There are 2 protein chains.
Amino acid sequence: MILRLNQSSGIPLYLQLMEQVKHAVETGALRSGDQLPTIRKLAEDLVMNPNTVARAYRELEHEGIIELRHGSGAFISESLAGVTKVTRKVQAVMQSAVERLVAAGLTGDEIRRLLENELAVLRDAKRLQGAEHE
Amino acid sequence: MILRLNQSSGIPLYLQLMEQVKHAVETGALRSGDQLPTIRKLAEDLVMNPNTVARAYRELEHEGIIELRHGSGAFISESLAGVTKVTRKVQAVMQSAVERLVAAGLTGDEIRRLLENELAVLRDAKRLQGAEHE
DNA sequence: CCAAGTGTGCTAGTTAGTTAATACACTACA
DNA sequence: TGTAGTGTATTAACTAACTAGCACACTTGG
């Protein structure tokens with residue numbers, strides 16, 4: 001598995017790392033039990049501070065994507081077995097929607113706004129049902 | 001038209017203002033030619049610095065949503081006439097997709113990631129066609 | 001032509017987020 | 001059992017974004 005960084009993109013390095021690991025998991029390039037590069041090793045390869053890699057790993061663990069074992073290393077979680085299949089179906093839904101929107105001439109930003117509006121509507125609806133807003 | 005702010009949400013005030021103006025335009029609460037509140041007036045009503053309102057207005061102008069006239073005030077652009085009808089259709093596409101995804105148990109964040117992935121795929125596809133990345 | 005009301009520009013203070021430096025604690029294995 | 005390799009924790013420097021203060025410039029209407 002190959003990880004790359006874009007130092008000048010303005011996107012935080014630790015987020016770039018998280019994104020790439022997630023994407024690798026979703027596409028199947030990384031599977032449950034696979035070991036990730038060591039914090040120090042990866043930091044050296046990418047010429048960055050180990051703390052930054054550590055932060056990416058820590059947050060990935062918090063999201064349940066990976067598992068950190070103290071003296072051993074970082075591994076893809078075991079509980080992600082059936083996830084990819086569901087992901088495929090769900091991806092199809094989003095893909096079809098995005099294709100139609102792009103065909104209608106919308107830009108990425110406009111599509112994002114559309115989604116945010118829709119999510120806002122749902123939040124409002126929930127609030128009216130008496131649910132707590134997180 | 002009523003504008004409100006959430007001081008403690010962590011979302012920048014000027015973005016909250018922009019969002020609400022955009023939403024009002026999309027829902028038809030504001031129409032082409034309508035005058036918006038004065039920068040100072042709105043700043044006073046909402047207990048914030050006029051510069052923050054000015055920033056929101058400036059960026060809305062840059063996006064073509066409103067038009068600023070120096071000694072006069074701020075007005076909704078004239079060129080937004082047919083926009084809302086297209087918006088309706090396009091909203092329906094997104095709404096249907098989001099409903100299905102929520103029904104599948106996905107959270108807002110997960111749906112956002114799904115969209116970002118899809119947009120990334122499109123960007124990559126375009127790049128391979130030789131198009132320039134903005 | 002003047003005065004009140006409008007948007008504009010420049011500058012600085014404040015804050016939150018990101019990254020880096022350094023020292024610590026746990027685990028595997030010879 | 002000790003040592004090399006792993007993740008962890010604390011602190012500080014750096015950076016970018018947001019907001020505010022204050023002075024300027026344009027327009028309208030009397």
Side-chain angles (χ1 to χ4, degrees), chain A residues 1 3-22 30 33-78 109 112, chain B residues 1 3-22 30 33-78 109 112:
Chain A
M1 136 160 230
L3 293 174
R4 274 171 294 176
L5 289 179
N6 182 345
Q7 287 279 358
S8 62
S9 72
I11 300 173
L13 304 178
Y14 80 98
L15 283 181
Q16 292 186 40
L17 281 187
M18 289 178 67
E19 196 64 25
Q20 293 186 35
V21 171
K22 285 180 180 176
L30 285 176
D34 286 356
Q35 177 160 16
L36 290 164
T38 281
I39 288 182
R40 287 174 178 78
K41 175 71 164 38
L42 189 52
E44 187 179 358
D45 286 355
L46 300 178
V47 193
M48 62 197 300
N49 193 287
N51 279 311
T52 306
V53 179
R55 176 168 184 184
Y57 279 14
R58 190 176 347 120
E59 303 215 358
L60 283 169
E61 180 178 45
H62 188 256
E63 292 185 10
I65 315 284
I66 72 176
E67 188 182 333
L68 293 171
R69 304 189 195 138
H70 205 146
S72 315
F75 304 83
I76 305 295
S77 292
E78 294 297 341
D109 280 347
R112 287 192 189 91
Chain B
M1 133 160 230
L3 293 175
R4 274 171 293 177
L5 288 180
N6 182 345
Q7 287 280 0
S8 62
S9 71
I11 299 172
L13 304 177
Y14 79 97
L15 283 181
Q16 291 186 41
L17 281 187
M18 289 177 66
E19 196 63 25
Q20 292 185 36
V21 171
K22 286 180 180 177
L30 285 176
D34 286 356
Q35 177 159 16
L36 290 164
T38 281
I39 288 183
R40 287 175 178 78
K41 175 73 163 40
L42 189 51
E44 187 179 358
D45 286 355
L46 301 178
V47 194
M48 62 197 299
N49 193 285
N51 279 311
T52 306
V53 179
R55 175 167 185 183
Y57 279 13
R58 190 172 352 117
E59 303 217 358
L60 283 169
E61 180 178 45
H62 187 257
E63 293 184 10
I65 314 284
I66 72 175
E67 188 181 333
L68 292 172
R69 302 184 199 143
H70 205 146
S72 316
F75 304 82
I76 304 294
S77 292
E78 294 298 342
D109 280 347
R112 286 191 189 92

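Just so it is clear, the structure is predicted and the values come from calculations on it, not from any experiment. Proteins come first, then strands; the chains are lettered A, B, ... in the order of their sequence lines, and each starts at number 1.
- Pairs engaging residues 66-76 of chain B under the salt bridge (Lys or Arg N to Asp or Glu O under 4.0 Å) rule: E67(B)-R69(B) [sequence neighbours left out].
- Residues S72(B) and F75(B) approach most closely at CB-CE1, 4.3 Å, considering heavy atoms.
- Taking both residues in full, the closest heavy atoms of L5(A) and L13(A) are given as CD2-O, 4.2 Å, listed atom of the first, atom of the second, then distance.
- Partners of E61(A) under the side-chain hydrogen bond (donor to acceptor under 3.5 Å, both in side chains) rule, at least two apart in sequence or in another chain, do not exist in this structure.
- Pairing each heavy atom of N49(B) with each of N51(B), the nearest pair is OD1-N, 2.8 Å.
- Boundaries of the chain B contact region on DNA chain D are dC18(D) to dT28(D), first to last in 5' to 3' order (nucleotide atom under 4.0 Å from a heavy atom).
- One finds no salt bridge joining R40(B) and E44(B) here, because no Lys/Arg side-chain nitrogen approaches an Asp/Glu carboxylate oxygen to under 4.0 Å.
- Across I11(B) and Q16(B), no two heavy atoms sit closer than the pair O-NE2, 2.8 Å.
- Y57(B) approaches I66(B) most closely through the heavy-atom pair O-CD1, 3.4 Å.
- Only L68(A), R69(A), H70(A), G71(A), S72(A), G73(A), A74(A), listed by number, bring a heavy atom of residues 65-75 of chain A to less than 4.0 angstrom from any atom of DNA chain D.
- Annotation: proximity of residues 4-15 of chain A to DNA chain C (heavy atom, distance under 4.0 Å) is found for P12(A), L13(A), Y14(A), numbered in ascending order.
- Looking at residues 36-63 of chain A, you'll see T38(A), I39(A), R40(A), N51(A) sit with a heavy atom under 4.0 Å from some atom of DNA chain D.
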